[in-house]
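Sharing a structure here in structure tokens format.
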Amino acid sequence: MYVLTLVTQKGGSGKSTLAAGLSVAALRHAERVALIEADAQGTISKWKERRESRYPVVNCVADPAEVEPVLARLEADGTWLAIIDTPATNNSLSMEAIARADLCLIPARPSPADIEAAIPTLIAIRKLNRRFAFVLNQTPPRGGRLSEAATSLNSLGLLALPFIAQRNDHQDALGAGLGVSEFAPTGKASAEISALWSWVAQHLGMEPMDHEQDAVKIAC
Ligand SMILES: Nc1ncnc2c1ncn2[C@@H]1O[C@H](COP(=O)(O)OP(=O)(O)O)[C@@H](O)[C@H]1O
Ligand SMILES: [Mg+2]
């Protein structure tokens with residue numbers, strides 16, 4: 001089972017939105033996808049309440065000691081991907097979610113304050129010797145600010161592609177209990193999330209599927 005953790009102590013950077021969007025994009029690969037909600041704010045469980053589909057299944061954890069048994073149970077049930085959504089703080093639960101990850105994704109909006117705020121998370125990930133990548137989220141369609149942000153993040157570590165633009169589909173999908181690729185399958189937000197999923201799948205070491213290679217070409 002692969003474990004992907006969305007983590008940064010900066011609130012509002014898009015951890016929950018990307019966790020939901022990526023989990024649904026991953027369902028095209030195979031259906032046994034799980035989300036683990038490690039944030040008492042409950043964005044993912046509220047999203048799941050609005051959702052009719054069985055997958056992704058959602059498990060909540062409130063204590064670091066719960067993470068390993070939940071992952072073990074999911075793996076025993078045949079889950080092939082678990083995505084952990086974490087709170088906006090570097091607490092012991094976030095540290096455990098990092099420690100269990102095959103890959104950590106650190107979302108950041110393209111502003112110096114957001115990028116600086118990601119650094120304590122980056123230090124924690126490096127201490128735990130986990131693989132990680134930044135993902136630029138809520139980007140404007142174009143502009144110098146974007147390339148400055150991409151350059152800063154590239155100097156700190158790997159930057160996942162493509163950038164995820166600021167688009168209403170993400171907010172509307174979350175409100176409807178859907179992944180953005182279910183909410184507006186032919187939209188740009190869906191193309192970007194599908195391509196980001198393909199990037200993640202590749203960096204987790206999965207064999208790419210044909211439609212995933214196409215998704216990367218379209219959105220990059
Ligand atoms: N790419 C995006 N485009 C538009 N809105 C977004 C995007 N990513 C996140 N949001 C919105 O920004 C807010 C914060 O996102 P959220 O995923 O809750 O952040 P976090 O989990 O890191 O605190 C939410 O209202 C969410 O819908
Ligand atoms: Mg959140």
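Predicted, not measured: the structure shown is a model, and the values here were computed from it. In listed order, ligands and their atoms are each counted from 1. Heads up: numbering here begins at 1 and tracks the sequence.
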Asn137 neighbourhood, listing ligand 1 atoms whose heavy-atom distance to it stays under 4.0 Å: 1 (N), 2 (C), 7 (C), 8 (N), 9 (C)
Any idea which atoms of ligand 1 are less than 4.0 Å away from a heavy-atom of Ser13? 19 (O), 20 (P), 22 (O)
Looking at Lys15, which atoms of ligand 1 are within less than 4.0 Å of one of its heavy atoms? 17 (O), 19 (O), 20 (P), 21 (O), 22 (O), 23 (O)
Could you pull out the closest heavy-atom pair between Ile193 and His170, with the gap in Å? CG1-CE1, 3.6 Å
Between CZ of Arg54 and CG of Leu27, what distance do you get to the nearest 0.5 Å? 12.0 Å
Electrostatic pair Arg100:Glu96 at N-O distance under 4.0 angstrom: yes
Work out whether the distance between some heavy atom of Thr43 and some atom of ligand 1 is less than 4.0 Å. no
Got the closest protein heavy atom to atom 17 (O) of ligand 1, with its distance? Thr17 OG1, 2.5 Å
For ligand 1, which atoms sit closer than 4.0 Å to a heavy atom of Ile164? 1 (N)
Please check if the side chain of Gln138 supplies one atom and the backbone of Gln166 the other of a donor-acceptor pair under 3.5 Å. no
Which atoms of ligand 1 are found less than 4.0 Å from any heavy atom of Gly11? 23 (O)
List every atom of ligand 1 that sits less than 4.0 Å from any heavy atom of Ala165, numbering the atoms from 1 in the order shown and giving each element. 1 (N), 2 (C), 3 (N)
Would you call Gly12 a ligand 1 contact, heavy-atom distance under 4.0 Å? yes
Kindly confirm whether the Mg ion (ligand 2) is within less than 2.8 Å of some N/O/S atom in Thr43? no
Using a 4.0 Å cutoff against the non-hydrogen atoms of Ser16, which atoms of ligand 1 qualify? 17 (O), 21 (O)
Is the backbone of Lys10 close enough, under 3.5 Å, to the side chain of Lys15 for a donor and an acceptor to pair up by distance? yes
Which of the atoms of ligand 1 are close to Gln166, meaning less than 4.0 Å from one of its heavy atoms? 3 (N), 4 (C), 5 (N)
Among all protein non-hydrogen atoms, which one is nearest to atom 5 (N) of ligand 1, and what is the separation to 0.1 Å? Gln171 NE2, 2.9 Å
Closest to atom 4 (C) of ligand 1 by heavy-atom distance, out of Arg109, Gln9, Glu192, Arg167, is Arg167
Do you see a protein non-hydrogen atom under 4.0 Å from atom 7 (C) of ligand 1? yes
What residue and heavy atom of the protein are closest to atom 19 (O) of ligand 1, and at what distance? Gly14 N, 3.1 Å
